Amino acid sequence: MSKVQVTDVILRDAHQSLIATRMRTEDMLPICDKLDAVGFWSLEVWGGATFDACVRFLKEDPWERLRALRKALPNTRLQMLLRGQNLLGYRHYADDVVEAFVAKAAENGIDVFRVFDALNDLRNLETAIKAVKKAGKHAQGTICYTTSPVHTLELFVEQAQALKDMGADSIAIKDMAGLLTPYATYDLVKAIKANVDLPLFVHSHSTAGLAPLCQLKAIEAGAEHIDTAISSFASGTSHPATESQVAALKGTQWDTGLDLELLTEIADYFKEVRKKYHQFESEFTKEDVSVQINQVPGGMMSNLANQLKEQHALDRIREVFAEIPRVREDLGFPPLVTPTSQIVGTQAVLNVLAGERYKTITNEVKRYLQGGYGQPPAAVNPAVRTKAIGSEQPIEGRPADGLGAEMARLRKDIGALAKSEEDVLTYAMFQDIGKQFLEQREAGTLVPEALEPIAVAGSAKASASVSTEFSIDVHGETYQVEITGIGGDSAGKRHIYLTLDGMPEEVLIESLNEYDAGSSAGGKRAKASGPGDITTAMPGNIVDVLVNVGDEVAAGQAVLITEAMKMETEIQAPIAGKVAGVYVAKGDRVTPGETLVEIVPH
Ligand code: MN
């Protein structure tokens, strides 16, 4: 039997790659009976960035999502993507957290664990794979595909063999950036199949438009499994379309046997769902062969585009793309996938926006250069390392070996806010936003981020379908206001259409994001102009304020810690002096150009 088996990623990677991971459970459940009837080998439904997006933006309990999907998909294997020792967070967790997380994921419904490490440092997969085996589930050992002088066929075969020795039930080639080319795929699959006797999965993004061709060559070379996405969320930075691949193999020895008509019904459903999330669409999710040069994976491209758009610097995205391979080489050619994609991407953004390379270095880059993520695939740039960590010696052991057990402390920290072990794990993944989520749940104040209304086709004026009514008092007069529409974003400005006591009016508002940022911080801060005015290079949140008014600070001393694009950055004092003003508090949203801390030189 040489039938090809299909894993559909519509409920995880497809929307992660195209609409910043925003699909809500309410849009998944109604179609589950049909998805369950298709006969997919598995459905990828959980992990990756979905856990973060649930807690951070959608205010959904990710564990509840998993249980709901398990119930709605009783006949299909459920699969998740797990970042080895990083689980679904962005740091290395102690082994007891990894063990607890895998056990709970299995208990709540995951059958197949695709486990990877961003650096392909296989020591970071050991604990997770052991835990999956212990839970009696399918452990899929993953190789992150990338190209560099050190990433040879021999190395990938060696890694596949090591994963088998570790107990993996199958091997996945994870081509997150769409770097594979059809003939490179053929050679890679042939080499692995010749040496390692395990089922082989090919997960490739269509970023360069090549993934459908790569999968065909992979199948010819002996791969038994392909990852696809229902067509309405396929192609570009997502995956080959399920229906197309099923049609391509029909009548051949590899015929998937899946029902094209049923798949089309599912595609029609998701076509409508996708409209709801139009605000997260990005032009950078379309097919673009330049990925073969800059190696930026799909999810990262749409995230970078969103981040740059937020700070009105979208026009610099090409510069950022050009900087990414330079940073990657400095860091010893890590494959670009979470968290290394964020580490490299954020540093590249800083290098471009600050106008000077490595003027600001994120804490994560420092940790990476200390060996905190594992062994980089190749030697790092010694000048960058010295700039980041001085003469400190990087650790050589497995990063988690330096971590003591954490679960007891986490359980104690979060206390009664956690109603279950799952809640403790949510807190473990994201200490700040996880805790905030549990607090809001307790207070009954969880509110998902707002979705922009769907534009009404053919209406040039009022493009929103919502209507909000309220009254305002101005100079002793009361006016009835009804918002009848919100226009699209043009050059950072938006038209708001309303009626004032029944009379149609039109208001032009500068970026709503900026308005939100200003208001949440209690009014705009002064523009940074003097040498002691400290600002941020990127919009983000204040994680910590390290100085008080009156403090003496040295030049280069850390005064603030900010978080942007999930990466923490230390902001240092540009000059020595006395702190004359602190205009931020923990949790504030800040934008470049504002004075956050003011230092007066002596
Ligand atoms: Mn992927």
Side-chain angles (χ1 to χ4, degrees), residues 6-36 38 40-50 53-54 57-58 65 69 72-73 76 78-81 174-178 202-212 215 226-248 256 258 260-288 291 297-303 305-306 451-452 454:
V6 177
T7 290
D8 200 291
V9 300
I10 179 75
L11 300 182
R12 202 285 296 178
D13 206 352
H15 69 101
Q16 180 171 330
S17 299
L18 295 176
I19 53 162
T21 331
R22 295 311 216 282
M23 197 190 289
R24 300 176 181 196
T25 306
E26 67 193 36
D27 290 321
M28 301 176 179
L29 295 177
I31 197 70
C32 278
D33 57 340
K34 284 190 178 154
L35 283 170
D36 201 32
V38 172
F40 293 121
W41 186 84
S42 68
L43 273 161
E44 192 192 42
V45 300
W46 212 60
T50 61
C54 275
F57 303 115
L58 309 181
R65 170 183 288 187
L69 290 171
L73 296 160
T76 308
L78 298 190
Q79 184 169 323
M80 79 170 290
L81 181 67
K174 178 176 165 65
D175 173 29
M176 53 280 169
V202 178
H203 174 92
S204 185
H205 289 253
S206 288
T207 317
L210 299 176
Q215 290 192 336
I226 54 173
D227 280 16
T228 62
I230 292 290
S231 61
S232 29
F233 274 93
S235 304
T237 54
S238 180
H239 302 263
T242 307
E243 303 97 290
S244 307
Q245 299 302 75
V246 167
T256 62
L258 303 188
L260 267 178
E261 264 175 56
L262 178 57
L263 290 169
T264 305
E265 286 172 38
I266 297 170
D268 287 345
Y269 171 82
F270 282 111
K271 202 168 161 188
E272 287 306 307
V273 164
R274 187 164 173 175
K275 291 178 187 165
K276 183 172 159 183
Y277 300 98
H278 64 97
Q279 78 208 67
F280 303 108
E281 299 277 356
S282 149
E283 60 179 301
F284 292 97
T285 57
K286 301 212 173 76
E287 282 165 4
D288 184 349
V291 70
M300 180 183 177
M301 233 185 232
S302 64
N303 273 334
N306 271 331
L451 289 176
E452 287 177 11
I454 299 170

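Given the structure is predicted, the values throughout are model-derived calculations rather than measurements.
For D27, the side-chain hydrogen bond (donor to acceptor under 3.5 Å, both in side chains) test picks out K276, Y277, with sequence neighbours left out. With sequence neighbours left out, H15 forms a ring-ring contact (aromatic ring centres under 6.0 Å, His included) with no residue at all. With sequence neighbours left out, the side-chain hydrogen bond (donor to acceptor under 3.5 Å, both in side chains) criterion links T256 to no other residue.
Here the shortest heavy-atom pairing between A241 and A234 reads CA-CB, 3.6 Å. Residues D175 and S204 share a closest heavy-atom pair of OD2-OG, 2.6 Å. Pairing each heavy atom of H239 with each of D13, the nearest pair is NE2-OD2, 3.0 Å. Here the closest heavy-atom approach between residue L260 and residue A247 is recorded as CD1-CB, 4.1 Å. The nearest pair of heavy atoms linking L81 to K174 is CD2-NZ, 3.6 Å. Smallest separation of non-hydrogen atoms from R274 and E281: NE-OE2, 2.7 Å.
At a threshold of 4.5 Å between non-hydrogen side-chain atoms, the residues M28 and V45 do not count as touching. Between F233 and M23 the shortest side-chain heavy-atom distance falls below 4.5 Å. Looking at Q79 and T7, their side chains come closer than 4.5 Å, going by heavy atoms from C-beta outward. Looking at L11 and L69, their side chains come closer than 4.5 Å, going by heavy atoms from C-beta outward. Using a 4.5 Å heavy-atom cutoff, the side chains of R22 and Q279 are not in contact. At a threshold of 4.5 Å between non-hydrogen side-chain atoms, the residues L35 and I10 count as touching. Taking the side chain as every heavy atom from C-beta outward, L263 and L258 approach each other to under 4.5 Å. Side-chain contact check for M80 versus E44: every heavy-atom pair is 4.5 Å or farther apart.
For the pair T242 (side chain) and A229 (backbone), a donor-acceptor distance under 3.5 Å is present. Without hydrogens or angle criteria, Q215 side chain to D227 main chain gives a donor-acceptor distance under 3.5 Å. A donor-acceptor contact shorter than 3.5 Å links the side chain of D36 to the backbone of T76. The closest donor-acceptor contact from the side chain of E287 to the backbone of G209 lies at 3.5 Å or more, if one exists at all.
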Checklist entry - Would W46 and L78 satisfy side-chain contact (heavy atoms from CB on, under 4.5 Å), going step by step from the backbone distance to the final call? => result CA-CA 8 Å; W46 212 60; L78 298 190; over 6 Å; no

Checklist entry - Hey, mind stepping through Q245 and I226 against side-chain contact (heavy atoms from CB on, under 4.5 Å) and telling me if it holds? => result CA-CA 9 Å; Q245 299 302 75; I226 54 173; 4.0 Å; yes

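In this structure, the separation between OG on S42 and CG on D8 is 9.0 Å, given to the nearest 0.5 Å. In this structure, F40 CZ and I230 CD1 are separated by 4.5 Å, a value rounded to the nearest 0.5 Å. Atoms CD1 and SG, on I266 and C32 in that order, are 9.5 Å from each other to the nearest 0.5 Å.
Neither side chain, S17 nor T237, offers a donor N or O lying under 3.5 Å from an acceptor on the other. For T50 and R12, the side-chain atoms include no donor-acceptor pair closer than 3.5 Å.
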